[in-house]
**Q** 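This is the structure I want to talk about, given as structure tokens.
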Amino acid sequence: MPSVADILIPLALDSAYSYAVPARLTLAVGDVVQIPLGPRETVGVVWGVRESPSGSNLRPVTGRIEVPPLAGPLRELVDWLARYTLAPKGSALAMALRLPDEAAQGETVRIGVRASGKAPARPTAARLKVLSVAADGTLRGKSALAKEAGVSLSVVDGLIDDGALEALALAPEPVALPPDPDHARVPLSEAQAQAVRDLIALMYPVPAGGAALSLADGLGSPHLPGEGQGEVCEISGEAPHLTPTLSVQEREAVAVPEAQGKLAVGAGDGRPRAPTILLEGVTGSGKTEVYFEAVADCVRRGRQALILMPEIALTAQFLDRFAERFGVRPATWHSGIGGKRRERIRAGVAAGEIAVVVGARSALFLPFTELGLIVVDEEHEAAYKQEDGVHYHARDMAVVRGRIENCPVVLASATPSLETRVNAERGRYRHIVLPERFGGRRLPDIKALDMRSDKPERGSFLAPVLVTAVRETLAEGNQALLFLNRRGYAPLTLCRACGHRYQCRNCSTWLVEHRFRKALVCHQCGYAERRPEACTECGTFDNLTPCGPGVERIAEEVTALFPDKRIIVLSSDFPGGAERLRAELQTVAEGGCDIVIGTQLVAKGHNFPHLTLVGVLDADIGLTSGDPRAAERTFQLLQQVTGRAGRGEKPGRALLQTYQPDHPVIAALLSGDAERFYEEEIAAREAAGLPPFGRLAALIVSATDRAVAEAHGQALARAAEPPEGVMVLGPAEAPLALVRGRYRFRLLVKTERAIDLQSYLRDWIARGPKVRGNVKVAIDVDPQSFL
DNA sequence: AGCACGCCGACT
DNA sequence: GTCGGCGTGCTC
């Protein structure tokens with residue numbers, strides 16, 4: 001019988017296509033192959049091989065591509081990702097199969113040279129210098145040799161032509177040297193050392209000789225209910241991860257869908273299941289040093305470690321710290337790594353030669369063969385969310401990959417996300433806490449400035465108490481940071497004559513004045529116009545008035561107050577781009593500045609050892625945005641910002657300007673009682689009928705005609721019939737928006753239950769009214785956020 | 001992702 | 001009359 005291969009193609013296709021396997025080929029699952037698709041040739045991955053009589057009607061596989069096949073765990077991750085995110089399988093595959101693109105192939109073979117032993121025909125002074133350096137007979141790069149000898153490259157070239165030096169192709173520079181887990185032991189505090197011991201003990205649970213593990217033993221069902229969606233429902237009718245009374249064996253039984261057979265998540269080999277561990281440490285507690293020890297331990301065991309970072313751009317400092325501890329810089333991975341290098345890292349990872357990778361979210365799909373640990377640094381960061389194409393949250397996918405590979409996952413954060421906190425509380429994740437700062441340093445003392453009683457003067461935005469604090473700080477030779485999460489000069493501009501407010505023509509937001517650029521800019525869509533001299537509405541000349549402060553306006557006020565101090569404004573639109581911004585951050589860290597005025601960009605990344613005062617100019621921003629995560633986000637941001645103070649020798653303090661000092665978020669910051677905040681926030685969400693976390697999927701209804709979109713959406717909403725435990729929010733909660741010329745809104749579906757969302761949504765569409773005219777209904781999913 | 005098909009606006 | 005815009009649909 002002819003052999004047929006089911007091949008998944010990295011395109012937005014939901015299922016594998018079947019091809020005939022020619023007799024000359026033997027294909028195995030996971031092989032990367034070339035196949036005809038329509039008029040062209042593409043690559044794909046063998047997802048299944050079977051015998052079938054109909055094989056002869058199919059187009060044949062062109063051939064196998066000589067790259068390492070996609071291993072089972074990675075294929076399983078692809079399947080899982082597609083299923084959970086409602087993305088086409090092919091799109092999920094594309095994440096794991098970024099082959100080097102042809103254009104980037106520009107392979108530069110480096111040339112190495114060494115002395116051939118022949119004397120040069122014309123021994124000039126320059127040539128002799130080169131030869132004396134090369135006399136040791138070692139192979140060097142051409143430019144390295146020229147530099148060492150202090151001559152130009154042309155002298156070396158001349159000697160090659162002459163035959164006195166021989167040129168050889170140089171093996172490409174290694175992508176990463178092996179890290180040495182015992183290179184330099186950084187001194188740890190007792191709290192850190194204890195955390196390291198706990199962490200390593202948890203990472204490798206002792207096989208319990210067949211005894212059942214207790215729930216708390218890090219069964220770490222990722223809180224994602226996607227495993228065995230549908231199938232699970234049929235078996236139990238209830239989400240397995242919400243029933244903490246199940247034994248391990250029972251959980252295994254329900255959590256592993258039959259259809260996936262031996263590709264079961266977790267340890268099928270008798271090893272205890274590796275846990276997910278939340279490593280929570282206050283700012284400045286030295287979490288990095290703690291998980292570095294876990295990485296070292298992993299490397300000593302001959303296994304690979306992956307450290308995920310939210311933004312690779314901020315990690316130069318991090319890589320140096322890594323090098324201090326391990327002697328070399330680790331391999332790094334992010335979307336900017338291209339072509340040849342990309343392929344070499346992939347190959348090195350696949351061969352097990354690269355022991356540690358530090359990377360952005362896409363590093364999750366590298367073909368590790370011996371993965372022993374995944375660390376997700378700053379796990380609460382929103383940058384872990386992929387919002388385009390396949391929607392996924394890298395932290396959650398890390399947990400999933402950890403389960404598939406049965407390796408521990410460490411989630412590190414000073415301000416964990418609510419869902420991770422909940423998982424830790426419910427025993428799905430283990431929890432290690434570092435409650436104190438490293439080196440006996442104290443957390444900054446945080447006080448509120450009640451703006452109702454402590455009013456700034458008219459036209460001013462700094463409360464007198466804050467100004468005094470800045471003055472004191474500078475007098476002591478320290479730095480102050482004024483934090484305001486608003487770029488530009490003023491968030492709103494209006495005409496004093498006619499009252500006209502300048503609004504974006506695409507969005508419904510106010511245009512932000514940027515005095516530096518002399519422009520009005522929309523922070524939503526990027527639309528910008530020149531700041532008019534006269535009102536565009538009534539024509540009155542020179543009568544526009546800025547309302548509210550942005551960092552530029554604060555800088556104006558601070559400059560007037562402290563004319564002889566060095567002041568810098570740091571925001572993401574910093575003139576000169578990321579490069580100069582990095583340089584400026586360095587300057588600030590070295591103390592080359594007295595007052596920093598910054599947006600959220602200053603909340604993370606660089607350490608400022610001279611900073612002892614943080615003034616938050618508007619602690620209430622973001623508390624009223626309507627985003628269900630507003631409180632959580634604000635708490636995290638302000639905790640991070642205020643935590644910048646007192647990281648050096650001297651203790652720090654923070655002052656929060658607020659109109660609502662009794663707001664739970666502000667109160668939690670003042671008391672330092674994060675615990676209470678998390679509890680209250682979880683309770684508040686439950687009271688509002690929102691799960692503390694969960695999956696959010698949507699039907700997106702869109703049409704060019706507003707009324708048509710609305711009518712169809714209403715009809716669909718009526719047809720919803722959500723199953724038990726699923727919440728459907730109609731158009732009222734997800735307002736109509738104009739996106740690229742189409743009116744669209746989402747019918748939101750929220751659930752924490754393990755149901756087959758995809759089937760439910762498809763079924764819902766089928767039950768709903770027939771689509772007439774220019775209306776489209778699409779399925780979308782956002783596993784984590786509400787907006 | 002490509003590449004074709006197809007249905008409405010301005011042009012040698 | 002056609003050239004070409006990009007919306008829609010298909011590729012085993």
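The sequence lines fix the lettering, A, B, ..., with proteins before strands; numbering per chain opens at 1. Bear in mind the structure is a predicted one, so any value in this text is a computation, not a measurement.
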**Q** In whole Å, what is the span from the CD atom of A/Q34 to the C1' atom of C/dC12?
**A**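 These atoms are roughly 16 Å apart.
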
**Q** From CG of A/N57 over to C1' of C/dC12, roughly how many Å is that when rounded to an integer?
**A**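 In whole Å, C/dC12 C1' and A/N57 CG are 11 Å from each other.
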
**Q** Within this structure, what is the CD-CZ distance for the pair A/E721 and A/R767, rounded to the nearest 0.5 Å?
**A**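 If we round to the nearest 0.5 Å, A/E721:CD and A/R767:CZ are 4.5 Å apart.
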
**Q** Is any side-chain heavy atom of A/L366 closer than 4.5 Å to a side-chain heavy atom of A/L74?
**A** no

**Q** NA contact type, A/R40, heavy-atom cut-off 4.0 Å: base, sugar-phosphate, or nothing?
**A** base

**Q** Report which part of the nucleic acid A/I7 touches: base, sugar-phosphate, or nothing (heavy-atom distance under 4.0 Å, all strands).
**A**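 Nothing: the residue A/I7, judged by heavy atoms under 4.0 Å, touches no strand.
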
**Q** Rounded to whole Å, how long is the line connecting atom NZ of A/K89 with atom P of B/dA1?
**A**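 Answer to the nearest Å: 19 Å.
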
**Q** Rounded to whole angstroms, how far apart are CD1 on A/I9 and P on B/dA1?
**A**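 Rounded to whole Å, this separation is 14 Å.
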
**Q** Rounded to the nearest Å, what distance is computed from the CZ atom of residue A/R59 to the C1' atom of nucleotide C/dT11?
**A**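 In whole Å, C/dT11 C1' and A/R59 CZ are 8 Å from each other.
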
**Q** Which part of the nucleic acid, if any, lies within reach of A/P36 when heavy atoms closer than 4.0 Å are counted: base, sugar-phosphate only, or nothing?
**A** sugar-phosphate

**Q** Kindly write out the residues that satisfy ring-ring contact (aromatic ring centres under 6.0 Å, His included) with A/F574, not counting sequence neighbours, or none if the list is empty.
**A**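 Expected list: none.
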
**Q** Could you work out which one of C/dC12, B/dA1, C/dT11 sits closest to the side chain of A/L58?
**A**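 When the side chain of A/L58 is considered, C/dC12 is the closest of C/dC12, B/dA1, C/dT11.
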
**Q** To the nearest Å, how far apart are A/E41 CD and C/dT11 P?
**A** 17 Å

**Q** Please determine if A/R395 and A/E378 form a salt bridge, counting it only when a charged side-chain N lies under 4.0 Å from a carboxylate O.
**A** no

**Q** Could you state the atom-to-atom distance from CG of A/L13 to P of C/dC12 in whole Å?
**A** 10 Å

**Q** Between B/dA1 atom P and A/L8 atom CG, what is the distance in whole Å?
**A** 14 Å

